[in-house]
Amino acid sequence: MAEAIAANPGRAARVARSPLKRRRSPLQRKAFPYLLVAPAVIYLLGITFYPGLYAIYQSLFRVKFNSWTFIGLDNYSKLLGDNEFWASLWNTFLMGSGALLIEFVIALTLAAFAYRDPFIRSWRILFLLPMLFMPSAVSFLWKLAFNDGRVVSDILMRIGFIDRPLDFLGDIWLARLSLIITDVWQWTPFLFVIFVAALQGQDAEIEEAARLDGARWSQIFWNISLPMLKPIIAVALVLRGIDIVTMFTSIFIITGGTPGGATETMSYFIYRTGFKRFDFGYASAASVLLLALTVIIAQTFVKRFFRSGRD
Amino acid sequence: MSRRRKSGKAGSLALRYLVLGSWALFCVVPIIWFLTIGLRPRTEIVLPQPLYLPTFTLDAWNMIWSSWPMGSYLRNSLIAIFGSVIIDLLLAIPAAYSLARYKYRFREDIGFYILSTRMMAPAVVAIPIFFLFKTFGLLDSVWALMLIYAAMNLSLVTWIVRSYMLDIPPEIEDAARTDGASDLRILVSIIVPMCLPGIITAGVIAVIFAINEFLFTLLIASTQNAYTLSVALANFTGGSDGIIYNAIAMVAFIAFVPVLLLVVAIQKHLSRGLTMGAVKG
């Protein structure tokens, strides 16, 4: 017995101190992890769950200043017949998928070129700079470049691509393109930094073995590195996708939804309905639909790509 | 054969550097141009023909300090942002520890609930939150912004810290526990110091997102009592004179410098932080 204790001093200490530990009741021990997590959950419930419920409730009313009239699902049926709402949904999808696709392709290409290159790695910060500016400032930068300062037109004219200045914010497709470029410029670095880190984190020996077997660099990337990168690509795209679906700042600053609502996203539609037209019930109905959309995205993707505990 | 392969290799290297170099230029040139905007007089910004060699002046710098309450904007930003990060850390560290170390019913669901709040569109909750703060008389106050920024970043702070806690071998805690340390004591004097890099990373990323926040601040702030740098920018308009771009550019760089320093400081952890711990870079 003495030998066993000597061989396992930790156990001996545990045995000796067990009365001390017992002072906390089993119930207390069971409750402890819940108590640790409770403040954060309560805080989040207060500031996301409660507003969600409030939006659902408010969406059933016609709100004129302080008078609320119950109108059931009228806001929703009106919304489903509202061309502006459908246009905002379409614009969100169009600009969002365009921006996400371009960002993904560029970031992956750059990351594939950069990740094993010590020279590029030491200059990596250059590629991150756009991400470090406030989105509102970036929006003004591109508003000035595209429209107010006519810089982009001027440069394109000097190169010889066009012979008279383009009205970037006056044309439906050019306005959308301007917003996409703004988003791509600022947020491609977000995907790039994640992809580079993920590629660098992979086992270099597998690549080396493939190289010794005569595989070309592009073969190694497509057949070995990329498949291993899949889960991380998914995480990065979900995070970026959610931010793009809720795109607001650049719309507010650069176009305000013009020309003719061609760049109005769902977020901007809700903002305009609520805080410019003061039609809060109607805006809440649109919020609930946007909420449903983001919940679907979150439920579909998030659980698959994040793990909460140790497996 | 081997020579052809070699020249192909040099060619592909040149192509690589061409692509990377062009993108680096595309990133940097607009920034340098925007810096020159901040350093030129207002009369040389919005012109029929853009001017590439403007006069150098510190007009914008003087203007933001004399014509606008720049001091208030800075103070509001600092109070709201640092307050929110402190709230986040106080709430997130215990929550992260609970998610990382204990096995209990609903743990997964609680973890995903916290994560899913990151996916919430600001526009969805904007109207209810506006009314909520109106009820409590918190509109146009930095305290409201602090609470909002904290809520917005709580999920990512929790998940980042949790990811770093999972890296700590449980044996260390077992050893401390056998020495009679309570769970709370283990958290405070062993776990927190050991995952300090994670806590700092989470804090830095929360600071950046809080600086960037626009929609909530736009709705809640209506005067210099609560305007932060991000939203104050949108009000740099001189009535009929239009947007005052040189002041905007100047403020953009004032906010940019601290963010750059913070990011350089946590550069190694950046990708892990941005993916809430999913990538261990």
Side-chain angles (χ1 to χ4, degrees), chain A residues 10 13-14 17 20 32-33 36-37 39-41 43-44 47-48 51 54-55 110 113-114 120 126-127 129-130 132-137 140-141 144 148-151 154 193-194 197-198 201 232 235 242 246 248-249 253 267 270 274 280 283-284 287 290-291 294 298 302-303 306 308-310, chain B residues 16 19-20 23-24 27-28 30-31 34 46 50 91-92 94-95 97-99 102 104 107-108 110-112 114-117 119-125 127-129 151 154 158 166 178 180 183 211-212 214-215 230 233-234 245 248 252 255-256 259-260 263 270-271 274-275 278-281:
Chain A
R14 211 173 305 164
R17 285 175 197 254
L20 240 167
F32 188 64
L36 286 176
V37 86
V41 170
Y43 190 76
L44 286 173
I47 234 149
T48 63
Y54 185 97
L110 294 173
F113 284 173
I120 297 292
L126 283 186
F127 293 85
L129 293 178
L132 310 182
F133 281 88
M134 295 182 291
S136 55
F140 276 114
L141 188 162
L144 182 61
D148 297 357
R150 300 189 185 83
V151 179
D154 188 63
V193 68
I194 292 168
I232 285 155
V235 168
I242 290 282
T246 62
F248 177 81
T249 311
I253 288 172
S267 290
I270 294 168
F280 286 111
S284 280
S287 304
L290 178 58
L291 175 67
T294 46
V302 175
K303 282 207 174 180
F306 288 91
S308 83
R310 195 183 280 272
Chain B
R16 266 199 236 183
V19 172
L20 289 165
W23 189 264
C27 288
V28 174
I31 294 173
F34 206 46
V46 179
L91 294 173
Y97 186 59
S98 167
L99 292 174
Y102 295 92
Y104 51 91
R107 184 189 71 175
E108 298 294 302
I110 292 171
F112 282 117
I114 292 174
L115 181 66
S116 69
T117 61
M119 314 295 164
M120 193 92 159
V124 170
V125 288
I127 292 169
I129 285 195
L154 185 53
T158 306
L166 285 176
T178 52
D183 287 14
I211 291 177
N212 289 350
F214 190 80
L215 177 56
S230 173
L233 279 187
Y245 279 107
I248 289 171
F256 165 74
V259 171
L260 178 67
V263 165
L270 187 62
S271 56
L274 290 176
T275 55
V279 181
K280 296 189 179 170

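Order of the sequence lines sets the chain letters (A, B, ...), proteins ahead of strands, with each chain counted from 1.
Interface residue A:Phe133: backbone and side-chain heavy atoms are both found under 4.5 Å from chain B. When heavy atoms are compared at a cutoff of 4.5 Å, A:Leu36 approaches chain B by way of both its backbone and its side chain. Proximity to chain A is limited to the side chain of B:Val28, based on heavy atoms less than 4.5 angstrom apart. Contact annotation for B:Leu274: both backbone and side-chain heavy atoms come within less than 4.5 Å of a heavy atom of chain A. For B:Tyr104, the parts lying near chain A are the backbone and the side chain together; criterion is any non-hydrogen pair under 4.5 Å. If you measure heavy-atom distances from A:Phe127 to chain B, the contacts under 4.5 Å come from both the backbone and the side chain.
Here the shortest heavy-atom pairing between A:Val37 and B:Ser98 reads CB-OG, 3.8 Å. When all heavy atoms are compared, the tightest approach of B:Ile31 to A:Pro130 is CD1-N, 4.2 Å. Contact record, B:Val259 with A:Leu132: CG1-O, 3.7 Å, taken as the closest heavy-atom pair. Nearest heavy-atom pair, B:Leu154 versus A:Ala40, reported as atom, atom and distance to 0.1 Å: CD2-O, 3.8 Å. Residues A:Pro51 and B:Pro128 share a closest heavy-atom pair of O-CG, 3.2 Å. When all heavy atoms of B:Ala151 and A:Leu44 are compared, the pair lying nearest together is O-CD2, 3.6 Å.
Atoms OG and CG, on A:Ser267 and B:Leu215 in that order, are 7.0 Å from each other to the nearest 0.5 Å.
Ranking B:Leu233, B:Val19, B:Leu20, B:Thr117 against chain A, the residue ahead of the rest is B:Leu20, based on heavy-atom pairs under 4.5 Å. Across B:Ala255, B:Ser230, B:Ala234, the residue that shares the most heavy-atom pairs under 4.5 angstrom with chain A is B:Ser230.
Proximity of A:Leu126 to B:Cys27: side-chain heavy atoms (C-beta onward) are nowhere separated by under 4.5 Å. Taking 4.5 Å as the limit, every side-chain heavy atom of A:Ile47 sits out of range of all side-chain heavy atoms of B:Val125. Between B:Met120 and A:Leu291 there is a side-chain heavy-atom pair separated by less than 4.5 Å.
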